[in-house]
Enquirer: 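To start, I am sharing the structure in question, which I have written as structure tokens.
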Number of protein chains: 4
Amino acid sequence: MVPANGVSADQIRAFVERIERLEEEKKAVSDDIKGVYGEAKATGYDAKILRLVVRLRKQEPAERSEAEAVLDLYLHALGMAPAMEGDEA
Amino acid sequence: MVPANGVSADQIRAFVERIERLEEEKKAVSDDIKGVYGEAKATGYDAKILRLVVRLRKQEPAERSEAEAVLDLYLHALGMAPAMEGDEA
Amino acid sequence: MVPANGVSADQIRAFVERIERLEEEKKAVSDDIKGVYGEAKATGYDAKILRLVVRLRKQEPAERSEAEAVLDLYLHALGMAPAMEGDEA
Amino acid sequence: MVPANGVSADQIRAFVERIERLEEEKKAVSDDIKGVYGEAKATGYDAKILRLVVRLRKQEPAERSEAEAVLDLYLHALGMAPAMEGDEA
DNA sequence: ATGAGCCAGGGGTGGC
DNA sequence: GCCACCCCTGGCTCAT
């Protein structure tokens with residue numbers, strides 16, 4: 001159903017307002033997240049590392065392994081040891 | 001505070017889980033937004049234009065701020081700081 | 001040393017080194033820019049405002065594009081595509 | 001030397017133009033970098049991983065080790081040891 | 001500690 | 001219908 005000869009202002013308005021409402025919610029949640037990081041920081045934790053942890057947990061382990069494999073491959077090609085705990089090449 | 005270094009596994013876990021929960025919410029809202037655009041499209045509207053409308057409505061307040069900034073810029077350029085404290089040397 | 005998988009260490013190294021070289025150049029230019037701002041500041045100008053001026057001059061062309069986008073928006077909303085083809089759907 | 005009662009238009013113009021010139025250079029270099037990544041990609045390499053490699057090479061090894069140590073600490077606290085598991089709160 | 005500038009990654013759009 | 005390009009948002013760094 002295409003509003004070909006004249007759009008419906010009401011419909012447009014409704015859509016736009018729904019979206020704007022949702023974007024407000026989204027921003028609120030983002031701010032909450034930011035707040036939690038701030039709290040963690042105030043408690044003595046490193047927010048940056050915390051973000052990294054969250055990111056790692058989000059990754060599928062399989063994915064991660066694959067990415068690491070490729071990375072290792074490249075690093076190896078460059079003569080750089082694969083960044084493990086016994087460091088340095 | 002258990003694991004020696006002032007790092008509490010419980011605290012970390014709590015922070016991470018709160019964040020993860022909030023990120024799920026955030027994603028849900030993002031998906032809702034996407035859904036609304038899809039609905040609008042199905043109704044015959046152009047999602048791209050709708051996005052533009054939303055963006056424009058969001059920018060309008062910002063534009064006013066920018067206008068004020070430009071005013072200040074010119075006042076400053078004329079050596080007439082806007083009647084406030086703290087002009088730098 | 002070609003690690004089997006179609007990965008050529010020489011190629012990787014070449015790419016990486018080219019990139020690193022370019023990033024050095026880029027950093028040098030960034031530092032030059034920073035230097036000019038510092039100079040301006042030392043001469044008595046406000047670097048922040050100078051940045052704003054530069055940004056505004058950069059945005060002016062973009063604004064025209066935006067204006068055109070808005071025009072298209074309204075034309076589209078009226079069912080009048082920009083003087084060309086029919087309508088979609 | 002503060003141009004307090006009347007800025008020098010010439011000076012401002014000169015600063016702005018020097019900056020704009022440098023920013024053009026900078027953009028040119030950025031484009032070159034992008035070009036190299038594109039080339040690498042066309043040759044069959046993964047640009048994302050390549051970026052990672054470049055970033056890793058840029059990091060001081062010490063820095064990296066420290067960051068990894070903290071990360072390990074947190075992961076361990078969460079029971080996500082990077083090879084050995086079995087921690088739990 | 002806060003805020004701005006810079007940069008990289010992700011999402012959306014147009015082209016093949 | 002999928003892929004590459006581009007814009008834009010979010011994170012990191014550094015200066016105040």
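Computed from heavy atoms alone, side chains included, the values below leave out hydrogens, waters and symmetry copies. Reminder, nothing fancy here: chain letters follow the sequence lines and each chain counts from 1.
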Enquirer: Between D:K41 and B:R55, name the one whose nearest nucleotide on DNA chain F is closer to the 5' end.
Expert: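 Residue closer to the 5' terminus by nearest nucleotide: D:K41.
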
Enquirer: What is the distance, to the nearest angstrom, from the CG atom on D:L52 to the C1' atom on E:dC7?
Expert: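 It is 15 Å, rounded to the nearest whole Å.
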
Enquirer: The side chain of A:K48 lies closest to which of these nucleotides: E:dG10, F:dC12, E:dT13?
Expert: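 Nearest to the side chain of A:K48 among the choices is F:dC12.
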
Enquirer: Within this structure, what is the NZ-CD1 distance for the pair A:K26 and B:I33, rounded to the nearest 0.5 Å?
Expert: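 It comes to 5.0 Å.
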
Enquirer: Does A:E25 pair with A:R21 as a salt bridge, N-O distance under 4.0 Å?
Expert: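 A:R21 and A:E25: salt-bridged.
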
Enquirer: What's the CG-C1' distance between B:D31 and E:dG12, to the nearest Å?
Expert: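 That distance rounds to 15 Å.
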
Enquirer: Take atom CG of B:L56 and atom C1' of F:dC8, then tell me their distance rounded to the nearest Å.
Expert: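 About 15 Å, once rounded to whole Å.
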
Enquirer: Would you kindly give the CD1-to-P distance between D:I19 and E:dC6, to the nearest whole Å?
Expert: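 For the pair D:I19 CD1 and E:dC6 P, the rounded distance is 11 Å.
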
Enquirer: Do NZ/NE/NH1/NH2 and the carboxylate oxygens of A:E23 and A:K27 come within less than 4.0 Å?
Expert: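 Result for this pair is no, no salt bridge flagged.
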
Enquirer: Expressed as a whole number of angstroms, how long is the span from B:K27:NZ to F:dG10:P?
Expert: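 After rounding, the gap between these two atoms is 15 Å.
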
Enquirer: Atom CD of C:E23 to atom C1' of E:dA8: distance rounded to whole Å?
Expert: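 Atom-to-atom, C:E23 to E:dA8, this comes out as 11 Å.
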
Enquirer: Separation of A:K58 atom NZ from E:dG9 atom C1', in whole Å?
Expert: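 Distance check: A:K58 NZ to E:dG9 C1' gives 12 Å.
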
Enquirer: Under the side-chain contact (heavy atoms from CB on, under 4.5 Å) rule, what do C:L56 and B:L73 come out as? Steps first, then yes or no, please.
Expert: CA-CA 11 Å; C:L56 289 174; B:L73 163 66; 4.3 Å; yes

Enquirer: I want to check one thing: is the phosphate of E:dC7, taken as OP1 and OP2, less than 4.0 Å away from some side-chain N or O of D:R51?
Expert: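 So the side-chain polar atoms of D:R51 never come under 4.0 Å of the phosphate oxygens OP1 or OP2 of E:dC7.
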
Enquirer: Rounded off to whole Å, could you give me the CG-to-C1' distance for the B:D46 and E:dG12 pair?
Expert: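 About 13 Å, once rounded to whole Å.
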
Enquirer: Taking the nucleotide of DNA chain F with the nearest heavy atom to each, does B:K26 or D:K34 sit closer to the 5' end?
Expert: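 Its nucleotide being nearer the 5' end, the pick is D:K34.
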
Enquirer: Name the closest nucleotide to the C:S30 side chain, picking from E:dC7, E:dG14, E:dG10.
Expert: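 So the nucleotide nearest the side chain must be E:dC7.
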
